[in-house]
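The next block holds one structure in the form of structure tokens; read it before the comments.
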Amino acid sequence: MKYEDLTRNGFPLHAWKRSRLLSRLPSVGCEQLVPSHARAVILSPHPDDEVLGCGGIMQSLARLRRNVLLISVTNGSASHPRSQFWTSERLGVIRPQESAEALRRLGLSMNDLQWIHGGFPDSDVAGQLEGLKQFLRTYLRPTDVVFTPWRDDGHPDHEAVALAALNVAAEIGAAVHEVPIWAWQWASPEDPRIPWERACKVPLDRWTQARKRHAIQAFASQLTPDPESDQPPVLTPAILARLQQSFELVFI
């Protein structure tokens, strides 16, 4: 499936709420996902993926006082490839700033996490796969628990980040949990392509959900139509509804 098609697809939230397979999934807490001796590493292909996929998990990790390393693989400068308003130069500056504000809204401070910017090219992470693996070897430890987008998420950058993470983690013995992000836009509620047998829900209380919603609103570049071309926003209300449920999904 082409990435350009993702925002035009997707089942409504009420269909997901009726999903048999989703309703049967076990719940897991962050204290189980990330043991007290471990560090959590959040891999974000683009600024906003860390909040969309793990905004609740990151809040829980902070409350548990786990060490957290956030790696922003790209600066998100290619999110509007045909825009004269959201140029790559402008996005390359603004999108990391939006992430910083979103992290603040989650209640995280730079004292709660280490944040590294990879500087890899947006929309061409797959072309830099070996470089990304080497980059990750510099930072990952055997005792880490890595959160990465799902290997079959449907966006080429997400899948390349997952592949690199899985390969390097296997080399050093680190644990990996995969998080669907764009899969929510193309999968069906009973979709056999989803690895349901590996899926668990991380429940989010109302306060955690509210903070995640507030954090997502920091990504103005992704939430508003292009003022010159009138192209719709990257993150539509329907997309956000699926990503702002009372849980986050992980494949373990």
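These numbers come from a predicted model, not from an experiment.
One hydrophobic cluster, built from ILVMFWY side chains closer than 4.5 Å, cannot hold both F251 and V161; they sit in different ones. One hydrophobic cluster, built from ILVMFWY side chains closer than 4.5 Å, holds both F219 and L243. Residues L249 and V146 do not share a hydrophobic cluster, clusters being chains of Ile/Leu/Val/Met/Phe/Trp/Tyr side chains in contact below 4.5 Å. Residues L22 and V179 share a hydrophobic cluster, clusters being chains of Ile/Leu/Val/Met/Phe/Trp/Tyr side chains in contact below 4.5 Å. Follow the hydrophobic side-chain contacts under 4.5 Å out from L235 and you never reach I94; the two are in separate clusters.
One distance of note links CG of L140 with CD1 of I71; it measures 5.5 Å at 0.5 Å rounding. We find the CD-CZ distance between Q185 and F11 to be 12.5 Å, quoted to the nearest 0.5 Å. In this structure, the separation between CD on Q245 and CG on L240 is 12.0 Å, given to the nearest 0.5 Å. Note that the CH2 atom of W182 and the CZ atom of R242 stand 9.0 Å from one another [nearest 0.5 Å]. How far CG of L129 is from CG of N167: 7.0 Å, rounded to the nearest 0.5 Å. The CG atom of L163 lies 9.5 Å from the OG1 atom of T148; values are rounded to the nearest 0.5 Å.
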Which pairs would a plain distance check flag for residues 52-62, meaning a side-chain donor or acceptor within less than 3.5 Å of a matching protein atom at least two apart in sequence or in another chain?
from, atom 1, to, atom 2, distance (Å)
Q59, NE2, G55, O, 3.3
Q59, NE2, T208, O, 3.0
S60, OG, G56, O, 3.3
S60, OG, R63, NH2, 3.3

Report all side-chain donor-acceptor pairs from residues 25-35 shorter than 3.5 Å, counting only partners two or more places apart or in another chain.
from, atom 1, to, atom 2, distance (Å)
Q32, OE1, G29, N, 2.9

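The salt bridge (charged side-chain N to carboxylate O under 4.0 Å, His left out) search around E89 returns none, not counting sequence neighbours. For A126, the side-chain contact (heavy atoms from CB on, under 4.5 Å) criterion is met by A160, not counting sequence neighbours. Scanning for side-chain contact (heavy atoms from CB on, under 4.5 Å) contacts around Q134 gives R137, with sequence neighbours left out. With sequence neighbours left out, S88 forms a side-chain contact (heavy atoms from CB on, under 4.5 Å) with S77. Judged as a ring pair (Phe, Tyr, Trp, His ring centres under 6.0 Å), and not counting sequence neighbours, the contacts of F147 are H177. With sequence neighbours excluded, the residues satisfying side-chain contact (heavy atoms from CB on, under 4.5 Å) with E228 are Q84, F85, D226.
Taking the side chain as every heavy atom from C-beta outward, Q114 and R39 approach each other to under 4.5 Å. P232 is not listed as a side-chain neighbour of P225, based on a closest heavy-atom distance of 4.5 Å or more. Side-chain contact check for L132 versus V168: every heavy-atom pair is 4.5 Å or farther apart. Using a 4.5 Å heavy-atom cutoff, the side chains of V41 and R141 are not in contact. A heavy-atom distance below 4.5 Å is found between the side chains of S79 and R95.
When atom types are taken as modelled, the side chain of S19 and the backbone of P189 share a donor-acceptor pair closer than 3.5 angstrom. Formation of a donor-acceptor pair under 3.5 Å by the Q222 side chain with backbone atoms of V234 is not found in this model. Judged by distance alone, with hydrogens and angles left aside, the side-chain atoms of R66 form a donor-acceptor pair with the main-chain N or O of L64 at under 3.5 Å. A side-chain donor-acceptor contact under 3.5 Å links W186 to the backbone of D153. Side-chain atoms of D49 come within 3.5 Å of backbone N or O of H46 as a donor-acceptor pair. Side chain of W196 to backbone of D191: a donor-acceptor contact under 3.5 angstrom is found.
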Worksheet item: How far apart are the C-alpha atoms of Q231 and H80, what are their side-chain angles, what is the distance that settles it, and do they pass the side-chain contact (heavy atoms from CB on, under 4.5 Å) test?
Response: CA-CA 9 Å; Q231 290 294 309; H80 294 68; over 6 Å; no
Practice prompt. Could you check E178 against R198 for salt bridge (charged side-chain N to carboxylate O under 4.0 Å, His left out), going step by step and ending with a plain yes or no?
Written response: CA-CA 10 Å; E178 298 171 73; R198 295 199 290 126; 3.2 Å; yes
Worksheet entry | Check against side-chain contact (heavy atoms from CB on, under 4.5 Å), L136 and L43 | CA-CA 10 Å; L136 293 179; L43 298 182; 4.0 Å; yes
Fill in: Stepwise side-chain contact (heavy atoms from CB on, under 4.5 Å) check, L113 with I42
CA-CA 10 Å; L113 56 81; I42 312 294; over 6 Å; no
Worksheet entry | Worked verdict on Q244 versus Q209 for side-chain contact (heavy atoms from CB on, under 4.5 Å) | CA-CA 7 Å; Q244 294 177 152; Q209 292 177 66; over 6 Å; no
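Applying the salt bridge (charged side-chain N to carboxylate O under 4.0 Å, His left out) test to residues at least two apart or on different chains, the pairs with a partner in residues 204-217 are K212-E248. Identified under the ring pair (Phe, Tyr, Trp, His ring centres under 6.0 Å) test for residues 90-143, with sequence neighbours left out: W115-H117, F120-F135, F135-Y139. Screening residues 96-107 for salt bridge (charged side-chain N to carboxylate O under 4.0 Å, His left out) gives E101-R104, E101-R105 as the qualifying pairs, with residues at least two apart or on separate chains.
Taking all atoms of both residues into account, the shortest heavy-atom contact from P227 to W86 is CD-NE1, 4.2 Å. The minimum heavy-atom distance between S221 and L91, with the atom names listed, is CB-CD2, 4.0 Å. Considering all non-hydrogen atoms of both residues, A187 and W16 come closest at O-CZ2, 3.4 Å.
No side-chain donor from either of S72 and E50 sits under 3.5 Å from a side-chain acceptor of the other.
Summarising the hydrophobic clusters (Ile, Leu, Val, Met, Phe, Trp, Tyr; side-chain heavy atoms under 4.5 Å, direct or chained), the residues clustered with W207 are none.
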